[in-house]
Amino acid sequence: MGLLSFLKRDKKDKATEEEESHIFINTDDCGGCEKCVIACPNNVLIIDDGTSSVNNSFGCKRCKVCVAICPNDCIEVN
Ligand code: SF4
Ligand code: SF4
């Protein structure tokens, strides 16, 4: 993406992109152990219906503690 188009994006577009794109959880492999939920220093993740889920992506500082602690390699943070 060029700088101009980046600057032209309004806040809503950016918010949508953040919300949907920077934390990926492979729920097929998630066993719901809660290690990522407990380890996240910013309370970004929750257990929802037995698997990890993003509750507050805006709080994420991309520290990747959750990625490191997951025993099943199911979290990706970009
Ligand atoms: S990258 Fe860090 S702040 Fe973001 S969800 Fe994972 S542990 Fe939490
Ligand atoms: S640490 Fe991994 S397996 Fe455990 S709840 Fe989080 S995403 Fe699921």
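Whatever order the structure lists ligands and atoms in, that order sets their numbers, starting from 1.
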Inset, instruction - Under 4.0 Å from a heavy atom of Val44: give me the atoms of ligand 1 that qualify, with their elements. - result: 5 (S)
Inset, instruction - Please write down residue, atom name and distance for the protein heavy atom closest to atom 8 (Fe) of ligand 2. - result: Cys30 SG, 2.3 Å
Legend entry - Heavy atom of the protein closest to atom 2 (Fe) of ligand 1 (residue, atom name, distance): Cys63 SG, 2.3 Å
Inset, instruction - Taking the side chain as every heavy atom from C-beta outward, state whether Leu45 and Cys66 have any atom pair closer than 4.5 Å. - result: yes
Legend entry - Distance (rounded to the nearest 0.5 Å) between Ile69 CD1 and Cys36 SG: 8.5 Å
Inset, instruction - Using a 4.0 Å heavy-atom cut-off, say whether Asp29 meets ligand 2 through its side chain, its backbone, both or neither. - result: neither
Legend entry - Any donor-acceptor N/O pair, Asn72 side chain to Cys74 backbone, under 3.5 Å: no
Inset, instruction - Return yes when at least one N/O/S atom of Cys70 is nearer than 2.8 Å to atom 2 (Fe) of ligand 2, and no when none is. - result: yes
Inset, instruction - Write out the residue and atom name of the closest protein heavy atom to atom 4 (Fe) of ligand 2, then the distance separating them to 0.1 Å. - result: Cys33 SG, 2.2 Å
Legend entry - Shared hydrophobic cluster, Val67 / Ile23 (ILVMFWY, side-chain heavy atoms < 4.5 Å): yes
Inset, instruction - Could you list which atoms of ligand 1 come closer than 4.0 Å to a heavy atom of Cys66? - result: 1 (S), 5 (S), 6 (Fe), 7 (S)
Legend entry - Distance filter under 4.0 Å to Asn72 heavy atoms, resulting ligand 2 atoms: 3 (S)
Legend entry - Contact atoms of ligand 1, heavy-atom distance to Cys60 under 4.0 Å: 1 (S), 3 (S), 4 (Fe), 5 (S)
Legend entry - Atoms of ligand 2 close to Ile75 [distance to a heavy atom under 4.0 angstrom, numbered from 1]: 7 (S)
Legend entry - Donor-acceptor pair, side chain of Lys35 and main chain of Pro71, under 3.5 angstrom: no
Inset, instruction - Show which atoms of ligand 2 fall inside a sub-4.0 Å distance from at least one heavy-atom site of Gly32. - result: 5 (S), 8 (Fe)
Inset, instruction - Would you mind checking which non-hydrogen protein atom is closest to atom 6 (Fe) of ligand 2, with the distance to 0.1 Å? - result: Cys36 SG, 2.3 Å
Inset, instruction - Could you check atom 1 (S) of ligand 1 against the protein and tell me its nearest heavy-atom contact, residue, atom and distance included? - result: Lys64 N, 3.0 Å
Inset, instruction - Using atom types as modelled and distance alone, determine if a side-chain donor or acceptor of Arg62 lies under 3.5 Å from a backbone N or O of Val77. - result: no
Inset, instruction - Find all atoms of ligand 1 within a distance of less than 4.0 Å from any non-hydrogen atom belonging to Asn42, and give their numbers and elements. - result: 3 (S)
Inset, instruction - Would you confirm whether Asn78, through its side chain, and His22, through its main-chain N or O, come within 3.5 Å as a donor-acceptor pair? - result: no
Inset, instruction - Give a yes or no on whether Ile46 and Ile25 share a hydrophobic cluster (residues Ile, Leu, Val, Met, Phe, Trp, Tyr; joining criterion: side-chain heavy atoms under 4.5 Å apart). - result: no
Legend entry - NZ-SG distance between Lys64 and Cys40, expressed to the nearest 0.5 angstrom: 14.0 Å
Inset, instruction - Using a strict 4.0 Å cut-off to heavy atoms of Pro71, name the atoms of ligand 2 that fall inside it. - result: 1 (S)
Legend entry - Closest non-hydrogen atom pair, Asn43 against Asn56: O-CB, 4.4 Å
Inset, instruction - Using a strict 4.0 Å cut-off to heavy atoms of Cys40, name the atoms of ligand 1 that fall inside it. - result: 3 (S), 5 (S), 7 (S), 8 (Fe)
Inset, instruction - Compare all side-chain heavy atoms of Asn55 with those of Val44 and state whether any distance is below 4.5 angstrom. - result: no
Legend entry - Nearest-contact summary for atom 3 (S) of ligand 2 - protein heavy atom, Å: Gly31 N, 3.4 Å
